[in-house]
Amino acid sequence: MRLGWVLAVVGTVQFTVALDGSVANVALPAMRDALGFDDSALQWVINAYGLAFGGFLLLGGRFADLYGRRRVLVAGSALFGVASLVGGLAQEAVHLVVARAAQGLAAAALAPCALTILNTTFPPGVRRARALATWSACAAGGGAAGVLVGGLLTEFLSWRWVLLINVPIMAFPVLAARFVPREPAGTGGRRLDVVGAVLATSGLVVFALAVARTDQHGWLSAATVGAFAVAAVLLVGFVGYEARIARHPLVRWGILARRPVAGANLVMLLLCSGQYASFYFLSLHVQQIQHRGAAVAGLVFLPFSAGFAVSARLASRLVGRLGPRVLVGAGALVGAAGLLWFGLITPDGAYPVEILVPSLLASVGIGVCYVPLAAAATGDVPAEDAGLAAGLLNSSSQIGGSLGLAALVTVSTACATGLVERGEETRTAVDAGYARGLSVAGCLLVVAALCSLVLPGRRPTQVPAEVASEATEPPGAEPRQASEVS
């Protein structure tokens, strides 16, 4: 009975974090209309979550070791619920962005904590394997359900409910945490590297802000150059602090000297840069340009989620036979074809031709990549570094998606602005901007395919069960979680 309650608790946490990521994409147009976001600021509804999550994920993996799994589970769930409440009641755009960042911070603590609870509570063997399968299904189900649930809530209630729905859901792990076995806190013997996490996250946020604001300040303006300089100082400071000062660094840089690890993280950065942007632009295209309701937008994304889930399962069977290099290279090219096809969208285009077919291409191509990337990033590292390698890969997905979205929104806005200045009708110009962003996203996946050449070739590769499970999450489910991070 206790094991059932534990599985229900960690499954709820995983489902909610996945649900929240995909829900937000469908609700973006309604959020913009209600709170007055401009085109460049709207992306921060997504980026605030992704950057906070990715920047603090490695740090979050230490919380449970130092403060106790049950305590971190309760605190993280409570913070996630409160942040969702604040976001759902937001009256200003900045309030919503801050709430989303707080959600990302809570998720960074919850994700590795929930998986650690599962791995330490269920005994090795059949029970743990079944628990991991259920945990993975919750991740996939949350991401797939999010696009539909988000559309229905936005259409028939309000965009606020895509956040408020988290409040009663997250109350469950808070109340049911008493079924999670208590363990002594502080058994990890390490301290939190807060300075490293703050330097890394601050540098990434300033960099993304600099890119996002180039539609208002030129690339060579004092404001832009100054922001890039600040970002560089923060990120260089992070590298120096981790390498020379930190007693318990977030990142041991030696792990990136391994070519498969570095290559897998680079490919993941590029892959997610294109993937996240595709959801952003397509949601706006369907609702703002074609004037479809949010519920219809949710249905539009279901083939994407379905194709992703099927192809990820297929890849888990093929990775040992074909190797990461072949699967990732082929998958990235197929995904690129889908995104480049999306780049042909028109304001009055037909759904089957302009959205359905490229959705299937993009989802199958991108979905094939995640399991072999997990295998390449973790297959040859020492056992004591497996958690770190998985955490790095998942951080790369969040950070790549956020930075890529910032850059592609800038490209889209510049394209639309130029067309309007030349006399193009606004609706057509804005949609052309979305198409340009999607085309550049496809080009990023072509570069990812080229970078896949550094990945290992054909050979049997064991993928940790936790990592393989995470790799099957559908796109739009922002948090593909880290396994136990050391």
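Values below: all heavy atoms of this structure, side chains included; hydrogens, waters and symmetry mates excluded.
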Determine whether [X] and [Y] make a side-chain contact, defined as any pair of heavy atoms from C-beta on separated by less than 4.5 Å.
X: V310; Y: V364; answer: no
X: L284; Y: I289; answer: no
X: V368; Y: V334; answer: no
X: Y280; Y: L42; answer: yes
X: F207; Y: S202; answer: no
X: I46; Y: F279; answer: no
X: C451; Y: L270; answer: yes
X: L438; Y: L408; answer: no

List for me each residue that meets side-chain hydrogen bond (donor to acceptor under 3.5 Å, both in side chains) alongside [X], sequence neighbours excluded, and say none if there are none.
X: S158; result: none
X: S283; result: Q287
X: T12; result: none
X: D431; result: H285

Counting distance only, does the side-chain N/O of [X] pair as donor-acceptor with the main-chain N or O of [Y] below 3.5 Å?
X: W161; Y: G150; result: no
X: R259; Y: V454; result: yes
X: R100; Y: A48; result: no
X: E92; Y: H95; result: no
X: E155; Y: A294; result: yes
X: T224; Y: A210; result: no
X: Q290; Y: G349; result: yes
X: S412; Y: V409; result: no

Please report the shortest heavy-atom distance between [X] and [Y], naming the atom on each side.
X: G203; Y: A231; answer: O-CB, 3.6 Å
X: L444; Y: G274; answer: CD1-N, 4.4 Å
X: P29; Y: Q288; answer: CB-OE1, 3.1 Å
X: W159; Y: A34; answer: NE1-CB, 3.2 Å
X: A83; Y: A102; answer: CB-CB, 3.7 Å
X: S363; Y: S311; answer: O-OG, 3.5 Å

List the steps, then state whether side chain to side chain contact (heavy atoms under 4.5 Å, CB included) holds for L153 with R160. CA-CA 8 Å; L153 290 174; R160 297 182 182 278; over 6 Å; no
Could you measure the distance from the [atom1] atom of [X] to the [atom2] atom of [Y]? Nearest 0.5 Å is fine.
X: M268; Y: L373; atom1: CE; atom2: CG; answer: 5.0 Å
X: N265; Y: I399; atom1: CG; atom2: CD1; answer: 9.5 Å
X: S395; Y: L269; atom1: OG; atom2: CG; answer: 10.0 Å
X: S452; Y: L327; atom1: OG; atom2: CG; answer: 10.0 Å
X: T154; Y: L157; atom1: OG1; atom2: CG; answer: 9.0 Å
X: F172; Y: T16; atom1: CZ; atom2: OG1; answer: 10.0 Å

Stepwise side chain to side chain contact (heavy atoms under 4.5 Å, CB included) check, E354 with T346: CA-CA 8 Å; E354 291 197 354; T346 57; 2.8 Å; yes
Between I366 and L445, does the side chain to side chain contact (heavy atoms under 4.5 Å, CB included) criterion hold? Intermediate values first, please. CA-CA 9 Å; I366 294 172; L445 263 67; 3.9 Å; yes
Just say parallel, tilted or perpendicular for the rings of F80 and Y49, cut-offs at 30° and 60°. perpendicular
Run the numbers on L339 and S439 for side chain to side chain contact (heavy atoms under 4.5 Å, CB included), then give the verdict. CA-CA 6 Å; L339 294 185; S439 297; over 6 Å; no
Quick one: side chain to side chain contact (heavy atoms under 4.5 Å, CB included) partners of S77, sequence neighbours excluded? V13, L73, L110, M170, P173, V174
Run the side chain to side chain contact (heavy atoms under 4.5 Å, CB included) test against V230 and tell me which residues pass, sequence neighbours left out.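 Per chain and number, V230 pairs via side chain to side chain contact (heavy atoms under 4.5 Å, CB included) with V206, L234.
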Given the rule in the side chain to side chain donor-acceptor pair (under 3.5 Å) test, do Q275 and S278 qualify, once you have shown the distances and angles that lead to the verdict? CA-CA 5 Å; Q275 174 192 326; S278 67; over 6 Å; no
If you draw a 6.0 Å radius around CZ in R436, do more than 12 non-hydrogen atoms from other residues or ligands fall strictly inside? no
Side chain to side chain donor-acceptor pair (under 3.5 Å) between T413 and T410, intermediate numbers included: CA-CA 5 Å; T413 302; T410 300; over 6 Å; no
